[in-house]
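Heads up, the thing below is written out as structure tokens.
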Amino acid sequence: MKTDELREKYLEFFVSKGHRRVASDVLVPTWDPSVLFTPAGMNQFKDHFLGKIKLEFTRATSCQKCLRTGDIENVGRTAYHHTFFEMLGNFSFGDYFKREAINWAWEFLTDKKWLGIDPSRLTVTVYKDDDEAAGIWAKDIGLKVDRIERCDEDENFWPASAPSQGPDGVCGPCSEIYFHPDQGKSVEIWNLVFTQFNRVGDPPNNLRPLPSKNIDTGMGLERTAATLQGVPTNYHIDTLFPIVQAAAEVCGVKYELDSDNGRRCRRITDHVRACTFAIHENVYPGPQKEKYVVKRLLRRAVLDGHQMGLHEPFLHKLVPAVVAAMKGPYPELAETAKRVASVIEKEEANFFGTIDAGLNRIERAFDDMRKDNRTRVEGAVAAELYQTYGVPPELFESLAAEHNLAFDWEGYGKSMEEHGEASGKVQHTVMGAKGPIDSLKHALHSTEFLGYDTTVADAVVKGIITGKAPNDHLVDKLDEAMSASRGVPAPGAQVTDAVRVILDRTPFYGESGGQVGDVGKLVGDGFEFEVIDTQKDGALIVHIGHLRQGTIREGAKVRATVDDARRDAIRRAHSATHILHYALQKNLGSHAQQQGSKVTDDELRFDFTNLSPVESAQLAAIAKDVVERVAAGAPVKWETLPLADARKQGAMMLFGEKYPDPVRMVSMGDFSRELCGGVHLTNTGEVGAFEILSEEGVSAGTRRIIALTGKKATDYRARIEAEVKRASEKLGVAGYDLPHAVEALIEKRRELKRALEAGVKPNLVAAQATVKKVAGDTAESMKSILGEAARRMSVGLLGVAERIEAMASEVESLGQRLAQREAAGPLSADSLLEKATTEGGVTVVVADLPGVEPNLMRQLIDQIRQKQPLSAVLLATTQGEDKVTLVAGISKQLQERGLSAGKWIGPVAAAVGGGGGGRPDLAQAGGKDPAKLPAALEVANRTIAEMLKA
RNA sequence: GGGGCCAUAGCUCAAUUGGGAGAGCGCUGCUUUUGCAAGGCAGAGGUUAGGGGUUCGAUCCCCCUUGGCUCCA
């Protein structure tokens, strides 16, 4: 039986038993912070099991794509392990229980109409104390006792060993069904979990019956298909074997079941399937969390290829095979196949680069070992290379084997464990700790939110909470004297010091969906409360702030007033965010989806998926689209409607988000439809000005745009214009000539420096920079003018004028030094030699050269040494008010007589209050006292004379 | 969120207690050759990521910022 057929039959069977057929949840459920990937079919029904939501159905069946990395080491080595797999399941939420679950499982497995498995090949296990399940297997099904095995809690309880070891909470016994093939080991194909207890504390008597019992079953699709198809491993079933073969072909090896390469091909198959699905959901390989898992899976697969002799990207070539094998149930994979392949290829290329760099480091490590005559690669060394540069230990080991060196896996594991600990353990947040807010939740349930329609409303105080987190408590009333922070708010006052007020209804928006909370005032009879932030806690809206005046009491009437101007600015930024999202997708492609967002007053931060930096031309096009959409003034509307309807209308949905149903959909004209709970303008035209501040990377594959709207955008433009004005005035040119003038300034500085260091006259021909002429003086051209100038000097846009000032003064001082040098007369090796003295046949030059660079002094020394093979030269110069620089050189023949420039320069430097040193042929030193330079030069003459005599 | 590492010519990378910034490839010009992927000669190209500190002197030591790599959770 084909795998697709098995999947379909299973779902069909349970639909015939009154189950709702539910589509697979996403692989990466960002709505569920407790897991990185969907680990099992029941994950999307957590709230159903806990009775947290209103049930529209009490029986469900699904085929869920899952990813687990717990057994990653076994993938490819065993017949049945995967990271990515599909799980068939049927679920009962307080509906049917053990009897139906067992009977239907047996019917589906053995009935000719369904799977038709020979019943004699099946055995079951039950939990040792579960007489009920054992009884059903024996009486209803007619299984003999020897085919019903009773197992301990570590095998047949969920969670494993829960009764004795916890955790507390819902749990229950389970019953597993095993298939026994002609040969080989028996295989567990179906696990029926009967959640019927609530565990409270340690045994005994810690298992309390649940009022509402649930069924949660899981049948591994690949495993069951393998038994039905009679193949020795899951990887040989019809949906996986083509990928295995493609892997073997791409890697240029012959596939064999029982060889290292066979195992590698199977591992590649599993990992590329997992990566394809994850990247399809916009989870790109990256440095954290689920992104990191994808990266690790991908790199493991690539490493397998590398060990089969491949040296360039290949894994991406397997994406079509994955799509072909999985497109039956997941046709959407085909839509993103190209993008997925390119993401994989890019990451592969990165990793091959890492491997190449790793090979060098490994060779170096081998060199070190050879020096010390060691024959075993220390685990700590391998771990350090892995942690620092990502050098895979497997690579290290196989190279070590080629050199007949052993590899210390044990030490490696130990070092990695230590690294894990050094990197910080999981910070456990106390779950379910009860605070004062929980009792309010119980009494009030929710705060009515009025803020979509108004910013002012009358309400009643329902709760007042004071104190810091662990010691916070509800109070009946609070007066000025009791408020920890009355009067003027202290700058940087901690919000945790603040008072929290809960109302029955409010126009204040609590921070959510990236939009910040509102600020404003709560005013009542004789009191005033300033709200500095608003947060959501469950369905409650919490006003955080300080009592400024009077006494606030529970039950008091208040008028809640949101800071209108700020709220309007938030509206502008939030609507602009939607327009930007639209423009990004239009210009970059549909993959440019939101990854995160922060909306404050007239300022927005938007993270989205994109592999490479957005080019400046693209960025300009995006900004232009936004501005055009704003100018067009499309109406903004919102409505609450069923999720399915919103989807039909093409509302943008993000992978992994779980939306409430019904949802709030915000539309702008006919170009943007997003599900969003935030506040918006009524017309896009109200956004006003829009300016993109920056585009930058936040992690691999994710880019961030920061932009301004309304007043902040206008202010920003004004600052740009002011900067251009200041910078161009400084240089005495018109604004549009700024890039030219900057280029000329840079050129002049460079030429002066060269002249000073080479001892020549500067060639001050004005630099003819080729700069794109920018016409007009619009805000856009101002920005591009400043951008040109900023790029040339590698500073930010608003640092241009400052940098120009610094450069101008540097040019001035360079010019002064040059003038000083020229005033001191001609400078050359010959002119110095004319003034030289002779000491025992050796030419000695000791001179003060005002305004000369140390570098030039070195060159002069070289020239003199070339002309006079027997020479000793010491040159000095004064730099600034309090600095002397000395350079001394000794010709080669004198060095051979034991003279050293370093020894010569020492006492000279001491004479000007400094020190120094260097090599025998050339030494450099300095001091702080220019006034003593003449005396120091006397010291230089005496010292060299003594050295020559010795 | 935390640990480690890196940033030097267009590219890949050197530079030893802190003392003169280099190589290979690429580029430009000349030359050799029937021609060329080649050979020979010469040359250009650097705020050593940015900022601050220690020092007579910093690519090197310390601190901060930015960007990148890598591992752990």
Side-chain angles (χ1 to χ4, degrees), chain A residues 36 69 285-293 295-296 299 347 350-351 353-358 360-361 380 382-393 412 415-429 613 694 696-700 704 745-747 749-750 752-754 757 792-796 799 802-803 806-807 810-811 814 853-862 865 875-880 882-889 900-902 905-906 908-930 932-933 936:
Chain A
L36 295 180
T69 54
Q288 286 134 21
K289 301 196 170 173
E290 64 275 4
K291 294 175 183 224
Y292 182 57
V293 173
K295 179 171 177 173
R296 220 169 52 184
R299 293 197 161 195
E347 177 61 24
N350 280 347
F351 186 52
T354 302
I355 288 179
D356 285 343
N360 288 333
R361 300 195 189 277
E384 197 189 334
L385 278 183
Y386 179 52
Q387 288 157 17
T388 309
Y389 304 107
V391 177
Y412 170 80
S415 296
M416 287 305 291
E417 258 175 53
E418 284 166 12
H419 174 59
E421 278 167 32
S423 299
K425 290 182 175 167
V426 197
Q427 300 94 343
H428 285 288
T429 47
S694 64
E696 62 194 2
V698 277
S699 70
R704 169 173 295 172
L745 183 67
I746 292 172
E747 194 54 43
R749 172 166 159 271
R750 185 179 309 177
L752 283 172
K753 270 185 147 174
R754 250 172 55 95
E757 287 185 0
R792 280 169 160 71
M793 297 187 296
S794 31
V795 293
E802 196 181 338
R803 189 58 171 257
M807 269 194 186
E810 192 183 346
V811 163
L814 288 172
E853 292 287 302
N855 197 33
L856 179 54
M857 300 198 291
R858 281 193 287 265
Q859 285 174 29
L860 290 167
I861 289 172
D862 275 345
R865 281 193 298 201
L875 302 177
T877 189
T878 306
Q879 289 187 313
D882 57 353
K883 218 169 121 183
V884 178
T885 300
L886 305 165
V887 183
S900 156
I905 209 166
V908 186
V912 284
R919 302 191 309 256
D921 66 318
L922 194 111
Q924 193 175 338
K928 293 173 174 173
D929 201 344
K932 291 185 181 154
L933 185 53

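Residue numbers start from 1 in every chain, and the chains themselves are labelled A, B, ... in the order their sequence lines are given, proteins ahead of strands.
Straight-line distance between the P atoms of B:U34 and B:A21: roughly 45 Å, to the nearest whole Å. A gap of 43 Å separates the P atoms of B:U66 and B:G43, to the nearest Å. Atom C1' of B:G22 sits at a distance of 16 Å from the matching atom of B:C60, rounded to the whole Å. With C1' as the reference atom, B:G29 and B:C64 are 46 Å apart, rounded to whole Å. B:C30 and B:G46 have their P atoms separated by 23 Å, with the value rounded to a whole Å.
Under the Watson-Crick and G-U wobble criteria, each requiring two contacts below 3.5 Å, nucleotide B:C25 is paired to B:G10. Base pairing of B:A37 is not made with any nucleotide, judged by Watson-Crick or G-U wobble geometry with both donor-acceptor distances under 3.5 Å. Across all strands shown, B:G68 is found opposite B:C5 as a Watson-Crick or G-U wobble partner, with both distances under 3.5 Å.
In plain terms, the two heavy atoms of A:Ala888 and A:Ile861 that are nearest each other are C-CD1, 4.1 Å. Across every non-hydrogen atom of A:Ala936 and A:Val912, the tightest pair is CB-CG1, 3.7 Å.
Comparing B:G20, B:A73, B:G2 by their nearest atom to the side chain of A:Asp862 picks out B:G20. With B:G4, B:G2, B:A73 as the candidates, the nucleotide lying closest to the side chain of A:Thr388 is B:G4.
Here A:Gly926 lies in heavy-atom contact (under 4.0 Å) with a base. Counting any heavy atom pair closer than 4.0 Å across all strands shown, A:Asn350 reaches no nucleic acid atom. Here A:Arg299 lies in heavy-atom contact (under 4.0 Å) with sugar-phosphate atoms only. Backbone-only engagement by A:Thr354 is indicated by non-hydrogen atom pairs under 4.0 Å involving sugar-phosphate atoms exclusively. Residue contacts for A:Lys928: at a heavy-atom cut-off of 4.0 Å it reaches the sugar-phosphate backbone alone, with no base atom in range. No contact: A:Ala909 has no heavy atom under 4.0 Å from any strand.
In terms of modelled atom types and a separation under 3.5 Å, the side chain of A:Arg299 and the main chain of A:Gly390 share no donor-acceptor contact.
Taking NE2 of A:His419 as the start and CD of A:Glu421 as the end, the distance is 11.5 Å to the nearest 0.5 Å. Here the straight-line distance linking atom CD of A:Glu290 with atom OG1 of A:Thr69 works out to 12.0 Å at 0.5 Å rounding. Of the inter-residue distances, the one linking A:Leu886 atom CG with A:Leu933 atom CG reads 7.0 Å to the nearest 0.5 angstrom.
Summarising the geometry, the separation between CD on A:Glu421 and P on B:G2 is reported as 18 Å, rounded to the nearest angstrom. In this structure, A:Leu875 places its CG atom 16 Å from P of B:G20, rounding to the nearest Å. Look at NZ on A:Lys295: it is 14 Å from P on B:A73, rounded to the nearest Å. Note: CZ (A:Arg361) to C1' (B:C13) measures 11 Å, nearest angstrom. Between the CD atom of A:Gln387 and the P atom of B:G3 there is a distance of 14 Å, given to the nearest Å. Taking atom CG of residue A:Leu922 and atom C1' of nucleotide B:G20, one finds them 6 Å apart after rounding to whole Å. If you take CD of A:Glu418 and P of B:C71, they are 19 Å apart, rounded to a whole angstrom. Computed from coordinates, the A:Met857 CE to B:G57 C1' distance equals 11 Å when rounded to whole Å.
Of the two residues near RNA chain B, A:Ala925 and A:Phe351, the one whose nearest nucleotide lies more 5' is A:Ala925. Residues A:Tyr389 and A:Met416 both approach RNA chain B. Their nearest nucleotides, taken by heavy-atom distance, put A:Tyr389 toward the 5′ side.
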